[in-house]
Amino acid sequence: MSSSEFLSQFLFTLISFALLLMLVGAVKRMLLWSQGQSSTIHWLGLLQIPRRYLVDLHHVVARDKYMSNTHVATAGGFVLSSILIVLLYVFQLKLQILTWALLGSSLLMFVGSIFVMIRRRNPPPNLSLGQWQRLPKSLMVFSLSFFILTLPATGILPSDTGGWLLALLLVAGIIWGIGEMFCGMTWGGPMKHAFAGALHLGLHRRQERFGGGQSTGLKAIDLSSKKLGVEKPIDFKWNQLLSFDACVECGRCENNCPAFAAGQPLNPKKLIQDMVIGMAGGDDAKFAGSPYPGIKVGTHKGGAIIPIVNVLVESDTLWSCTTCRACVDACPMMIEHVDAIVDMRRFETMEKGQTPGKGSEILENLSATDNPNGFAPSTRMNWAADQNLTVFGHNEKKQEVTQADVLLWVGDAAFDMRNQRTLRAMIKLLRAAKVNFAVLGDAECDSGDLARRLGDEATFQRLANSNISTMNKYKFNTIVTADPHAFHCIKNEYGEFGGNYNVMHHTGFFAELVSQQKIKLDNSKELALTYHDPCYLGRYNGEYDAPRFLLESMGVKIKEMDRSKSTARCCGGGGGAPVTDIPGKQRIPDMRMADVIETKAEIVAVACPGCSAMLEGVVEPRPEVKDIAELMLDALIEGVVEDTAEVVVEDMVGGAV
Amino acid sequence: MSNNNLSVISLVSIGEHPTSRRPRRAEQDARAIELGIKLVGDNLQTLHAGELSDDDSQQTALRSYLGMGLAEINLLEMPENSDAVLVIAEHLKQKKPDIILTGVRAENGESSGMLPYLLAEQLGMAMVTSIAEILSVDEVNKQAEVLQALPRGQRRKLKVDLPFIASVDMAAALPRQSAFGPARRGQFEEILGTSFTDQESSEWQTADAKKRPKRLKIIKAKTAADRFKAATAKASGGGGKVVHGVEESAQAILDLLVEEGLV
């Protein structure tokens, strides 16, 4: 028997065996996922895997061109090679064209693997080492072995080249190669991401995210269920467990996480890896990436039925998150870190009553007064005592107001003197554009954003239901608000409770008015200005253009920060982070202000009361913080404001004085 | 907990938020529960005099005590016009607890702060006001050491014989967070109380309390430290003394009235 004959027969056995082993691994892995709670299975999504992989996933990967090209070559070469290997060596289709194709695909993969190798020579800190450092070698061995193996079959080299020595080398190489590339896919090597990732793309819990869609609202839970939130890994939905397995440890989340950068004990990548450890059982000693700042790797362990918090993951890790969604947005595998964090927070708050910092006080205030700081609900309209606002509902000695074009959602800015300035500016602008608007007055409650992100789903649902039933009493076309958090909640999270409205953020609404010439802005001022994207407007709702359009209408050439639009750094104010106040090495708003100062801007335009509070909290000297509404008011060309008096109809009251 | 055999009952009421006037867990009662849980853990018994209201917010307020980790609250059912003191006293006479914890005063209703005193009288127990902490309980000698809260952060250590009633001051440890899950799952055990109609209160007329006029402060302080002290001072009992005998007591009262210019 010649060495080539031996190889051919041996490979049949070896590859068949490897495929069988891979199948066993796959079943084992699926059993791990099936420990999770039931969730809709989107079977049709499976058909979409190739499209989602080639389009949606590739778009995210392509934010790093080097890596996307490398991945296309390596993964493309590998997938093609694998199919051809199965056809050639398992089904024994000895077609010359397949042989040539395998030669090409293995070469492509080899070229890709060289770039992987180069990148891993001095790996940036966001990349995991350990088994991941082995991967480029495995890729090379796999591709090179099959390349050399195929050469004689194409006739480029005579058969039996190299004799038994080469044959043995090839056998060794192929065993290593398919061990890593086939068996490792389901038994838990670096290639696990390909198997779990593909299924995850198909069976994703938020199918709407693909094909250019959006799905950012938190999902409601049934408050009458036995356990509220996630205590143990098995309390996650099965498709969440699957999603954790899809992680490639690329660390893009880590690069974008404001809490990690601030030295707070959170690293989204480690969190997802910890969830995998929890699901499969074990400890985190083998984790080869950046640790949670300040927490040593190798000190925690977990299991599927072992509580997560303070065993596998410290509670401070969960409470460091600002829910800014930068990690989710950066994740090429479309993993939903924020969902997982909020799920675990729900258990901490609703079952254990362990919301840290001022959390417990804030939640109690929300229960008792419908606003986080415990102000008397009857003072909600005090800020507008001089504004003559139309209030929906019964007004003292005047007739009932039941409809308006616009419902102006005031939000908790009503109680905050800084953000009352923004509200006043908004009102002047609305009146200048002769918009017919009304407010809910004292009947408005907090949107529930904060409560929900602090894990108090019960309070969120109460507030949401209360707001919905109030709003359903009146007729209006659009809700306009200056608060992106309320905007997001009402737009994306009230739907599950039967509240479906046309909601606009004030920047979007004003952009329409400006483009319709209903508001005229002076564009002669030259302002050195940069714009800070609020997370809940940008990443959560994809609105990057309207604020920029408004600023440009004022003649501003925006000095964009490096991290803007979808990669904008959070101000630190979301997700209840200012309430839980987990210590770090530096403050997130300070870092964001440093980004601003880098652009040499003198003004930072914001579009969120949270951002203005956080950024104004940075010590002076620093650029001025102004809401876009305030800037617009400065640039408003009067004269269009002729008959405001007409808008100030008699039956308006300014709330309790 | 080492105090396994100790029987501690904490009385809870439905509180009222000062600005929104919505029902809530009363702040002092919640502190009493916190103190009780720290003392005897799961053995703490909780008693509320009143029926389970159909009103959601009332029930939520009561349930928020359960959310602190109590398995159940005993409901001493009584008609609305009953005198809670008598109903509770009757019940407690049978229970014979070692320690009874209450708040200093209710957040709504009569809010007289008299309940612990009247109970103590009915049950023949000692009454300790405004405690911040129970330091230790000696079950053998039937004695407890408690820390009483005095103005301006002062504390007084007292030894008191079991059984006793203590009203818990705002200076006691903050109550733990009330969690929604346990609050929803906790149970109410209904007990039928003896009915004592409160005849007096039905004849009363009630009106909202007016703010008491503030006494003008004459600042005699000469140094910044004195002014700071004056600005931050809470009225402290200062000249208080124990007066024995009817004659002396009457004289002391008369002196005060004269001093205040009322006589």
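Keep in mind that what you see is a predicted model, and the values were worked out from it rather than measured. Sequence lines set the chain letters: A, B, ... in the order given, protein chains first and strands last, and positions in each chain run from 1.
Note that CZ of B:Phe180 is 8.5 Å distant from CG of A:Asp456, once rounded to the nearest 0.5 Å. How far OG1 of B:Thr19 is from CG of A:Asn371: 8.0 Å, rounded to the nearest 0.5 Å. The OG1 atom of A:Thr369 lies 10.5 Å from the CZ atom of B:Arg24; values are rounded to the nearest 0.5 Å.
Heavy-atom distances place no part of A:Glu457 under 4.5 Å from chain B, backbone and side chain included. For A:Leu363, the part lying under 4.5 angstrom from a heavy atom of chain B is the side chain only. If you measure heavy-atom distances from B:Arg21 to chain A, you find no contacts under 4.5 Å at all. The contact between B:Arg184 and chain A is made entirely by side chain atoms (from C-beta outward), counting heavy-atom distances below 4.5 Å. With a 4.5 Å cut-off on non-hydrogen atoms, A:Thr459 does not touch chain B at all. For chain A, the nearby part of B:Arg22 is the side chain; its heavy atoms alone come within less than 4.5 Å.
Atom NZ of A:Lys358 sits in a sparse spot, with 12 or fewer heavy atoms from other residues, nucleotides or ligands closer than 6.0 Å. Open room surrounds CD1 on A:Ile305; 12 or fewer heavy atoms of other groups in view lie less than 6.0 Å from it. The neighbour count for A:Asp222 CG, taken as heavy atoms of other residues, nucleotides or ligands under 6.0 Å away, is above 12.
Of all the heavy atoms in B:Gln177 and A:Gln354, the pair that sits closest is OE1-N, 3.5 Å. The heavy-atom pair separating B:Ala179 from A:Gly353 by the smallest distance is CB-N, 3.5 Å.
Within residues 338-352 of chain A, the residues having any heavy atom under 4.5 Å from a heavy atom of chain B are, by residue number, A:Thr349, A:Met350, A:Glu351, A:Lys352.
A salt bridge does not link A:Arg462 with B:Asp56: every distance from a Lys NZ or Arg NE/NH1/NH2 to an Asp or Glu carboxylate oxygen is 4.0 Å or more.
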